[in-house]
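What follows is a short report on a single structure.
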Amino acid sequence: MTEKGEDRALEEFPVEMTTSRLRLTPLDPDRDAVGLHAAFGDPEVMRWWNHPVCAGEADTRERLREGAGRTGAHLWTIRPVDGDEPAGMVGLLGGVEVPGLTWILRKDAWGRGLAAEAAGAAVRHALHGLGLAHVEAWVEAANDRSLGVARRIGLTERGRLAQRYPHREHPHEMIVLGRAGGAEPATVLGAEAVLPVRDVAARLTLLRAALGGRTLFSVGDPPQVAGVGFGPWSVGPRLRLEATRRWRVARVTLCLDVGTTFEALHRRAVAAGADIARPPAETAWGTREFVLRLPEGHRVVVAAPA
Ligand SMILES: CC(C)(COP(=O)(O)OP(=O)(O)OC[C@H]1O[C@@H](n2cnc3c(N)ncnc32)[C@H](O)[C@@H]1OP(=O)(O)O)[C@@H](O)C(=O)NCCC(=O)NCCS
């Protein structure tokens, strides 16, 4: 789901920030790579990172350029207030649908509360400066130090998922922790199904526009299979769309429990021009529901407590 504030964030650039012990300067890969290589070239620090240890300063510079060049990235180099030597990096990742935090410190800066101090400033900037509705961090379940940072800056667990980094042989468990800027966004609860459809791209567009779906993956051009997720976090209910050439397909009915977002989602579905097969009504079993119909006849029952 794209919030108004998230669109705005894409247009803004990082600003310099200071905390009691730190100066956070917008990441400049050309200037900062040499100093930051102390972190990105250290196997102990990189044990948890999503790419292998950088081979040299040029490799670190390339990786930093790639990260900083992603749409929506807001990255800062962490420096002591009274010095120039980079201690690490903190900020918001680019190229993600849910705003995601990142942090890293060179080993000799660990154990002084500097990561939490820097990440705390980044969170305040994200939520109150940029006006993002929420931020999250994906932390490997075994990365106790990073979990400590996340919790110290007010992020709480939202769910877990399995992920495999290309340079690792086995998948690992990720904990997704999040913090909302204001009132907590209600979470859409539970559903997973496979829907055969004639036009995967078109159904994906419809589910994004009408129900705030997020594209989890898409395979083929035009897409033959795609995953759609619902709700504000990168975990939660999801369904899969699979291409079929058949004109008649077995119809699937999917029930999405959307809690307190029911009315807003109904308005959104109507505004998107979706086929509302049944308008909102109370059921005998204590829910309020409306039904959105896809062209193949599949029905998405959107439900909430009455
Ligand atoms: C994750 C990482 C940035 C955490 O660094 P850190 O220094 O442990 O984190 P913090 O800034 O929160 O510091 C907390 C530690 O400082 C200590 N500390 C000392 N003075 C402090 C102060 N004034 N305020 C707060 N904590 C202080 C705390 O007791 C704690 O130490 P402990 O864990 O031994 O109890 C660092 O381990 C790292 O770079 N890891 C590799 C990269 C990585 O994993 N990134 C995240 C991927 S999700």
Side-chain angles (χ1 to χ4, degrees), residues 17-25 27 32-33 35-54 59-60 63-64 66-68 70 73-83 85-96 98-126 134-168 170-179 233-235:
M17 301 189 289
T18 50
T19 64
S20 57
R21 293 180 291 172
L22 300 170
R23 195 160 57 89
L24 307 183
T25 56
L27 172 71
D32 301 336
L36 288 177
H37 187 64
F40 287 97
D42 179 342
E44 200 181 336
V45 177
M46 295 299 283
R47 174 177 168 207
W48 309 104
W49 210 248
N50 62 355
H51 62 71
V53 181
C54 291
D59 191 12
T60 294
R63 294 282 191 175
L64 294 176
E66 198 271 324
R70 291 189 178 191
H74 287 67
L75 297 169
W76 290 268
T77 299
I78 305 170
R79 296 186 154 81
V81 264
D82 53 358
E85 192 58 24
M89 186 186 80
V90 71
L92 290 166
L93 299 165
V96 289
V98 178
L101 294 159
T102 182
W103 47 71
I104 187 168
L105 283 184
R106 45 194 288 172
K107 182 76 203 301
D108 57 11
W110 291 13
R112 287 149 56 197
L114 299 180
E117 191 170 316
V123 166
R124 281 192 296 282
H125 182 74
H134 47 261
V135 287
E136 67 178 24
W138 292 22
V139 183
E140 196 165 332
N143 190 351
D144 292 333
R145 282 194 168 268
S146 193
L147 286 171
V149 174
R151 291 181 177 130
R152 271 189 279 280
I153 62 169
L155 273 62
T156 54
E157 185 171 339
R158 308 295 168 159
R160 293 178 182 230
L161 49 82
Q163 195 185 25
R164 191 175 79 76
Y165 291 152
H167 64 290
R168 292 226 200 132
H170 298 292
H172 54 266
E173 187 184 17
M174 277 292 190
I175 304 183
V176 178
L177 303 106
R179 178 175 155 185
W233 309 109
S234 296
V235 284

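Keep in mind it's a predicted model, so treat the numbers as computed, not measured. Atoms within each ligand, like the ligands themselves, are counted from 1 in listed order.
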Candidate pair Leu155 and Val139, rule side chain to side chain contact (heavy atoms under 4.5 Å, CB included), full reasoning: CA-CA 11 Å; Leu155 273 62; Val139 183; over 6 Å; no
What does the contact table look like for ligand 1 (nitrogen or oxygen on each side, cut-off under 3.5 Å)?
| residue | atom | partner | partner atom | Å |
| --- | --- | --- | --- | --- |
| ligand 1 | 7 (O) | Gly111 | N | 2.8 |
| ligand 1 | 8 (O) | Arg145 | NH1 | 2.5 |
| ligand 1 | 11 (O) | Leu114 | N | 3.0 |
| ligand 1 | 11 (O) | Ala115 | N | 2.7 |
| ligand 1 | 11 (O) | Ala116 | N | 3.0 |
| ligand 1 | 12 (O) | Arg152 | NE | 3.0 |
| ligand 1 | 12 (O) | Arg152 | NH2 | 3.0 |
| ligand 1 | 13 (O) | Gly113 | N | 3.1 |
| ligand 1 | 16 (O) | Gly111 | O | 3.2 |
| ligand 1 | 16 (O) | Arg112 | N | 3.2 |
| ligand 1 | 16 (O) | Gly113 | N | 3.1 |
| ligand 1 | 18 (N) | Gly111 | O | 3.4 |
| ligand 1 | 20 (N) | Arg112 | O | 3.4 |
| ligand 1 | 39 (O) | Leu105 | N | 2.9 |
| ligand 1 | 39 (O) | Leu105 | O | 3.2 |
| ligand 1 | 39 (O) | Trp110 | NE1 | 3.3 |
| ligand 1 | 44 (O) | Asn143 | ND2 | 2.8 |
| ligand 1 | 45 (N) | Trp103 | O | 2.8 |

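Glu117 meets the side-chain hydrogen bond (donor to acceptor under 3.5 Å, both in side chains) test with Thr19, Ser20, Arg21; sequence neighbours excluded. Scored by the salt bridge (Lys or Arg N to Asp or Glu O under 4.0 Å) test, Asp108 finds Arg106 as partners (sequence neighbours excluded). Scanning for side-chain hydrogen bond (donor to acceptor under 3.5 Å, both in side chains) contacts around His51 gives Trp49, with sequence neighbours left out.
A distance-only check finds no donor-acceptor pair linking the side chain of Arg145 to the backbone of Asn143 [under 3.5 Å]. A donor-acceptor distance shorter than 3.5 angstrom exists from the side chain of Arg179 to the backbone of Ile153, with no hydrogens or angles considered.
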